Amino acid sequence: MPELPEVETTRERIRPALVGRRIESVCTTAASYFFVTPPARLRRRLVGRTALDLTRSGKYLVATLDDASRLVLHLGMTGQLFAEGAASVRLLSAAARASLRPDEPRTFAPDVHTHLRIAFDDGGPAVLFRDVRKFGKVLLLAPGEKTPRLDRLGIDALHATGADLFAAARRRRVPIKTLLLDQSVIAGVGNIYADEALFLAGLRPTRSVQRVTHRECDDLASALQQVLRRSIETGGSSISDFVAPDGRDGRYQDERHVYAREGEPCRRCRSRIRRIVVGQRSAHYCPRCQT
DNA sequence: ACCGCACCCTGAGCGC
DNA sequence: TGCGCTCAGGGTGCGG
């Protein structure tokens, strides 16, 4: 699932394939809630435009276009943004994957899950947005137009301090993990990095925010920085669907301490990692290292 | 203001 | 070579 490090990795690597190139044609699938902006309007408004910049807000990517409109993308759970020609088994449908022979190239061919294809007038590779579960989002904001999706975001997780966490915790009565996942408090943290940061900070995901000290908030903020920065360095986590825009897997999954390691030994104390449900989400922790 | 929960979707994994 | 069921999960919106 793409969280801040995967979105940042996507931003860095798709940037050269998007910024500075004039859009010649846009193909989409049919209207669905995936398209916050109706696809017909999207196709009409994007043609002829050139992206001037690509930035990240929390888990959103924002391309600023040359007419001051903004193309906003969210990868949701299974979104994949990549350059045409990228090769990875993760870009293949289950059927295509099953029939793949070992010696066969893994080059992607657009399928029913490819909802957006942006081609450019320089004849270079197109940019594709594929999303099997359609939890992703595409919207085009007119010049000056705002959206609560971006406006409601809290402080970016890469810049959140212990004081920020502590201040937010004072106003709430939820488990600490629920606070970390609240995008209006800290933007960019999802299930993987919430669990990993809580492990590094020695905090149980179930701990009430009312019982987290300022000192522990400082430790948690440090843990978040450490986990997120290290994951960006390694190209994110490729646990199920995530693949970088160039088709390469991330490597942070190899450094996980707790996420999706239920029943496996803690890397520090050898206790078995547990999985519980917190705020309708799975949470993984070490019963001995996290209190 | 805050919180829990249903919903959107599809593939994987399960039991039979 | 199957089939039907359940589950996962980000963000939104609703009801309490």
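Since we're looking at a predicted model, the values are computed, not measured. Chain letters run A, B, ... following the sequence lines, proteins first and then strands; every chain starts at 1.
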Find the bend of the helix from dC2(B)-dG16(C) to dC16(B)-dG2(C) as the angle between its two terminal axes (five pairs each), to the nearest 10°.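 The end-segment axes of the helix from dC2(B)-dG16(C) to dC16(B)-dG2(C) are tilted 50° relative to each other.
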Just how far, in rounded Å, is [atom2] of [N] from [atom1] of [X]?
X	N	atom1	atom2	answer
Asp131(A)	dG11(B)	CG	C1'	13 Å
Tyr33(A)	dC9(B)	OH	C1'	4 Å
Phe35(A)	dC9(B)	CZ	C1'	15 Å

Whichever of Arg152(A) and Pro2(A) has its nearest DNA chain C nucleotide further upstream toward 5':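 Between the two, 5'-proximity favours Pro2(A).
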Between Tyr60(A) and Tyr259(A), name the one whose nearest nucleotide on DNA chain C is closer to the 5' end.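 Result of the comparison: Tyr259(A).
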Residues forming a salt bridge (charged side-chain N to carboxylate O under 4.0 Å, His left out) with Asp218(A), sequence neighbours excluded: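 Testing Asp218(A) for salt bridge (charged side-chain N to carboxylate O under 4.0 Å, His left out), a comparison that skips the adjacent residues, returns none.
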Remaining members of the apolar cluster that contains Leu150(A), side-chain heavy atoms under 4.5 Å: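 Members alongside Leu150(A): Val36(A), Tyr60(A), Val62(A), Val72(A), Leu139(A), Leu141(A), Leu153(A).
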Members other than Ile155(A) in its cluster, when Ile, Leu, Val, Met, Phe, Trp, Tyr link by side-chain heavy atoms under 4.5 Å?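 The other cluster members (ILVMFWY side chains, heavy atoms under 4.5 Å, direct or chained): none.
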Quick test: give all pairs of protein nitrogen or oxygen and nucleotides 3-5 of chain B nitrogen or oxygen below 3.5 Å, distance rounded to 0.1 Å.
unit_1 : atom_1 : unit_2    : atom_2 : d
dC3(B) : OP1    : Arg173(A) : N      : 2.4
dC3(B) : OP2    : Arg172(A) : NE     : 2.3
dC3(B) : OP2    : Arg172(A) : NH2    : 2.8
dC5(B) : OP2    : Gln280(A) : OE1    : 2.8

Would you grab the first and last nucleotide of DNA chain C (5' to 3') that comes under 4.0 Å of any non-hydrogen atom in chain A?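 First-to-last contact on DNA chain C, by the 4.0 Å heavy-atom rule, is dA8(C) to dT12(C).
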Determine the contact category for Thr78(A): base if any of its heavy atoms lies under 4.0 Å from a base atom, sugar-phosphate if only primed atoms, P, OP1 or OP2 are that close, otherwise nothing.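 No contact.
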Under 4.0 Å between any heavy atoms, over every strand shown, what does Lys59(A) touch: base, sugar-phosphate, or nothing? Just pick one.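 Sugar-phosphate only.
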Quick one: list whatever passes ring pair (Phe, Tyr, Trp, His ring centres under 6.0 Å) with Phe166(A), sequence neighbours left out.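 Ring pair (Phe, Tyr, Trp, His ring centres under 6.0 Å) list for Phe166(A), sorted by chain: His214(A).
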Going by ring pair (Phe, Tyr, Trp, His ring centres under 6.0 Å), name the residues that satisfy it together with Phe129(A), two or more places apart in sequence or in a different chain.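 Expected list: Phe34(A).
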Please enumerate all residues that pass side chain to side chain donor-acceptor pair (under 3.5 Å) together with [X], with sequence neighbours excluded.
X	answer
Asp122(A)	Arg21(A)
Thr50(A)	none
Gln225(A)	Arg229(A)

Decide yes or no for Tyr285(A) and Leu203(A): does some side-chain heavy atom of the first lie under 4.5 Å from some side-chain heavy atom of the second?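 A side-chain contact is absent here, since even the closest heavy-atom pair is not under 4.5 Å.
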Within a strict 4.5 Å, meaning less than it, do heavy atoms of the His284(A) and Arg261(A) side chains meet?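 Of all side-chain heavy-atom pairs linking Arg261(A) with His284(A), none is under 4.5 Å.
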Any side-chain N or O of His113(A) less than 4.0 Å from the OP1 or OP2 oxygen of dG11(B)?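 Affirmative; the distance criterion is met.
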Review item, side-chain donor-acceptor pairs of residues 268-283 of chain A, under 3.5 Å, at least two apart:
unit_1    : atom_1 : unit_2    : atom_2 : d
Arg272(A) : NH1    : Gly263(A) : O      : 2.4
Ser282(A) : OG     : Asn191(A) : ND2    : 3.4

